[in-house]
**Student:** 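Sharing a structure here in structure tokens format.
In each ligand, atom 1 is the first atom listed, and ligand 1 is the first ligand listed.
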Amino acid sequence: MAFVSPVSGVGLINPEQHGLHPKGYSSSFHFSCIKFGDSKRHTKNSRCSMVVRSSDANPDIDFSDPDWKQQYQEEFEKRFSLPHLNDLFDINPIQTTFALKCRGSDETEPGERKNGYVNDDDRTLLKVIKFASPNSAGAECIDPDCSWVEQWIHRAGPRKKIYYEPGAVKAGIVTCGGLCPGLNDVIRQIVFTLDIYGVKNIVGIPFGYRGFFDKSLSEIPLSRQVVQNINLAGGSLLGVSRGSASTGEIVDSIQARRIDMLFILGGNGTHAGAHAIHEECRKRKLKVSVVCVPKTIDNDILLMDKTFGFDTAVEEAQRAINSAYIEAHSAYHGIGLVKLMGRSSGFIAMHASLSSGQIDVCLIPEVPFNLEGPYGVLKHLEQLIQTKGSAVVCVAEGAGQNLLETSNATDASGNIVLGDIGVHIQQKIKTHFKGIGVHADVKYIDPTYMIRAIRANASDAILCTVLGQNAVHGAFAGFSGITVGLCNTHYVYLPIPEVITSPRCVNPNSRMWHRCLTSTGQPDFL
Ligand SMILES: Nc1ncnc2c1ncn2[C@@H]1O[C@H](COP(=O)(O)OP(=O)(O)O)[C@@H](O)[C@H]1O
Ligand SMILES: O=P(O)(O)OC[C@H]1O[C@](O)(COP(=O)(O)O)[C@@H](O)[C@@H]1O
Ligand SMILES: [Mg+2]
């Protein structure tokens, strides 16, 4: 049986190149599935989950082989094993300096006393639904029978033993890509947690990867005092940027600055860059821990319940939707149109539509649609105007790109520059209603940058706090080339390549998209 080896390449990798990679994962399930390392680890034959739609079942796996499942699990375990400094070096770990504050007589064993440490063998389940049939809504299956296959991933948190002497550590933090609510909260928690371990030399690299090689930019000294209140504002204290990343130059700079731990906040592109940095550090035999914190307002990182900033974006998007609704509702034949972010994934549009309850039509990149024709969006709007007197449309920026002129232009990071679907739909609606001689009052709202620049809401602030803390615990535990995340309500460490094989997308066959359709009442537009 041919199993695909663990991903070794870097970049936004085509999922089809990695035969066993689960596709269309949607993880809004809530279940308690941690497996504790102090009890027995990795029971290979006990039952639990795994997934890929049966139609996508991997042709490289011989499902008639009675051992396929065991081999799959072994392969999975390898793929999700975490790169560690001791893969390369022979470092003797020391007792951790991290402890929860405690008063009392038993000061000598802080770790034992609070029992606050995570065992290296603790695991959490990646998938928690057992689909009885490949036809179940949202089913993701490995094999045509949709068998239950356990997939355990590494639990995040502080370890008893650490691989760095905190007093000697220099830690760097960098924020890359576009803005996202919560960046400052994560920076703040990374600094606080490093400080608790005893790290005093902490610096921020300004303006993303650019800060590593642009000689006009100097590092920003960070301390508990400097970051104390930064969470009260949106944006990033350190600044962000796209483009111009040369791995060699970045690692030269890491070496010259004598950075031991690098915390990188960013999305898919940033993670690809971080993985390249991690590999280059290994090649040069540098004892550097590279740990990422996924940052994307689009929520398009694989395997995670959600990324920080997404919740805030959805909440803020509702304000725009509400305004569009009021405008549309108050006008004679009013049509409100709101464009939300989401380059390749419609999560913000879908969730904002669901939460507002005011949307009649939600359009996302994952679901094709026609504007014209008897089943198109325009005809549906015509009916809504006739029956309800008004309508509200929510469109994700990456939706319906096939309906626009394409330019092949890319931004500095290589991301395709999208056509403005919001403006296009606005014009089409106006022309359509004029053409049929029906009055329509169209109000278009594009709140995208207003949404991205605000500070994190309460739920995101908690997520940022936990992710920031776990990033530091991961580095002290000696891991490198990893990212932190929330999977099935538990915090985990994942090897970077596993989360960037492709952007995470809304599964049109998922219950969540079906719920959205139920809520809007929209038909398909094909
Ligand atoms: N495949 C890649 N390999 C290395 N670096 C990359 C890659 N893609 C993007 N980057 C770098 O990562 C940074 C952020 O990427 P970008 O796509 O703009 O944002 P995000 O990380 O939010 O997706 C940029 O500096 C960019 O040059
Ligand atoms: O105008 P910018 O800064 O390039 O950002 C626009 C992009 O930023 C995003 O909000 C998030 O993208 P990143 O995750 O790459 O930062 C996209 O939805 C949007 O296309
Ligand atoms: Mg990106």
**Student:** Within the structure, does Arg242 bring an N/O atom to less than 3.5 angstrom of an N/O atom in ligand 1?
**Tutor:**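 Looking only at distances, the answer is yes, because the N/O contact criterion of under 3.5 Å is met.
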
**Student:** Work out which heavy atom in Ala456 is nearest to a heavy atom in Thr312; give both atom names and the distance.
**Tutor:** CA-OG1, 3.6 Å

**Student:** So do Gln358 and Asn322 actually touch side chain to side chain, heavy atoms under 4.5 Å?
**Tutor:** yes

**Student:** Do Tyr163 and Ser289 have side-chain atoms, one donor and one acceptor, less than 3.5 Å apart?
**Tutor:** no

**Student:** Less than 3.5 Å apart, any donor N or O on the side chain of Asp446 or Thr448 sitting next to an acceptor on the other?
**Tutor:**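 Yes, a side-chain donor-acceptor pair sits under 3.5 Å.
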
**Student:** Think Lys287 forms a cation-pi with Tyr164, using NZ or CZ under 6.0 Å from the six-ring centre and within 45 degrees of its axis?
**Tutor:** yes

**Student:** Kindly confirm or rule out an N or O of Asn415 lying under 3.5 angstrom from an N or O of ligand 1.
**Tutor:** yes

**Student:** Give the C-alpha distance, both sets of side-chain angles, the deciding distance and a yes or no for side-chain contact (heavy atoms from CB on, under 4.5 Å) between Ile429 and Leu378.
**Tutor:** CA-CA 7 Å; Ile429 297 173; Leu378 298 169; 3.8 Å; yes

**Student:** Looking only at distances, please establish whether an N/O atom of ligand 1 is found under 3.5 Å from an N/O atom of Ser241.
**Tutor:** no

**Student:** So for ligand 1, is Gly267 a polar contact partner (N or O within less than 3.5 Å, distance only)?
**Tutor:** yes

**Student:** State whether the side chain of Asp460 and the backbone N or O of Gly309 hold a donor-acceptor pair below 3.5 Å, judged by distance alone.
**Tutor:**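 Yes, Asp460 side chain to Gly309 backbone: donor-acceptor pair under 3.5 Å.
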
**Student:** In this structure, does ligand 1 have an atom that sits under 4.0 Å from one of the heavy atoms of Gly243?
**Tutor:**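 Yes, Gly243 has a heavy atom closer than 4.0 Å to ligand 1.
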
**Student:** Mark up the atoms of ligand 1 that fall under 4.0 Å of a heavy atom belonging to Gly273, in ascending order.
**Tutor:**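 By the 4.0 Å cutoff, the relevant atoms are 3 (N), 4 (C), 5 (N).
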
**Student:** Under a heavy-atom criterion of less than 4.0 Å, does Lys295 contact ligand 1?
**Tutor:** yes

**Student:** For Asn268, counting its heavy atoms only, list the atoms of ligand 1 lying under 4.0 Å from any of them.
**Tutor:**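 Those atoms are 21 (O), 23 (O).
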
**Student:** Considering both backbone and side-chain atoms of Gly269, is one of its nitrogen or oxygen atoms within less than 3.5 Å of a nitrogen or oxygen in ligand 1?
**Tutor:**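 Looking only at distances, the answer is yes, because the N/O contact criterion of under 3.5 Å is met.
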
**Student:** Using a cut-off of 6.0 Å, state whether more than 12 heavy atoms not belonging to Lys170 lie near its atom NZ.
**Tutor:**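 Yes.
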
**Student:** Only heavy atoms of Gly177, strictly under 4.0 Å: list the atoms of ligand 1 that pass.
**Tutor:**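 Listed by number with element: 14 (C), 18 (O), 19 (O), 22 (O).
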
**Student:** Do Thr296 and Asn268 come close enough that some side-chain heavy atom pair is under 4.5 Å?
**Tutor:** no

**Student:** Does ligand 1 have an atom that lies less than 4.0 angstrom from a heavy atom of Thr296?
**Tutor:**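 The answer is no: ligand 1 sits nowhere under 4.0 Å from a heavy atom of Thr296.
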
**Student:** Starting from the N and O atoms of ligand 2, collect every protein N/O partner closer than 3.5 Å and put each pair on its own line with the distance to 0.1 Å.
**Tutor:**
from     : atom 1 : to     : atom 2 : distance (Å)
ligand 2 : 1 (O)  : Tyr449 : OH     : 2.3
ligand 2 : 3 (O)  : Arg452 : NH1    : 3.4
ligand 2 : 3 (O)  : Arg452 : NH2    : 3.0
ligand 2 : 4 (O)  : Arg242 : NE     : 2.9
ligand 2 : 4 (O)  : Arg242 : NH2    : 3.4
ligand 2 : 5 (O)  : Arg242 : NH2    : 3.0
ligand 2 : 5 (O)  : Arg452 : NH1    : 2.8
ligand 2 : 8 (O)  : Arg242 : NH2    : 3.2
ligand 2 : 8 (O)  : Arg452 : NH1    : 2.9
ligand 2 : 15 (O) : Arg242 : NH1    : 3.1
ligand 2 : 15 (O) : Arg343 : NH1    : 3.2
ligand 2 : 16 (O) : Gly178 : N      : 2.9
ligand 2 : 16 (O) : Arg242 : NH2    : 3.3
ligand 2 : 16 (O) : Lys295 : NZ     : 2.9
ligand 2 : 18 (O) : Asp298 : OD1    : 2.8
ligand 2 : 18 (O) : Asp298 : OD2    : 2.8
ligand 2 : 18 (O) : Gly342 : N      : 3.4
ligand 2 : 18 (O) : Glu397 : OE2    : 2.6
ligand 2 : 20 (O) : Glu397 : OE1    : 3.3
ligand 2 : 20 (O) : Glu397 : OE2    : 2.7

**Student:** Could you walk me through whether Ser253 and Phe213 pass the side-chain contact (heavy atoms from CB on, under 4.5 Å) check?
**Tutor:** CA-CA 7 Å; Ser253 170; Phe213 52 83; over 6 Å; no

**Student:** Ignoring hydrogens and angles, state whether a donor on the side chain of Ser459 or Lys306 is under 3.5 Å from an acceptor on the partner side chain.
**Tutor:** yes

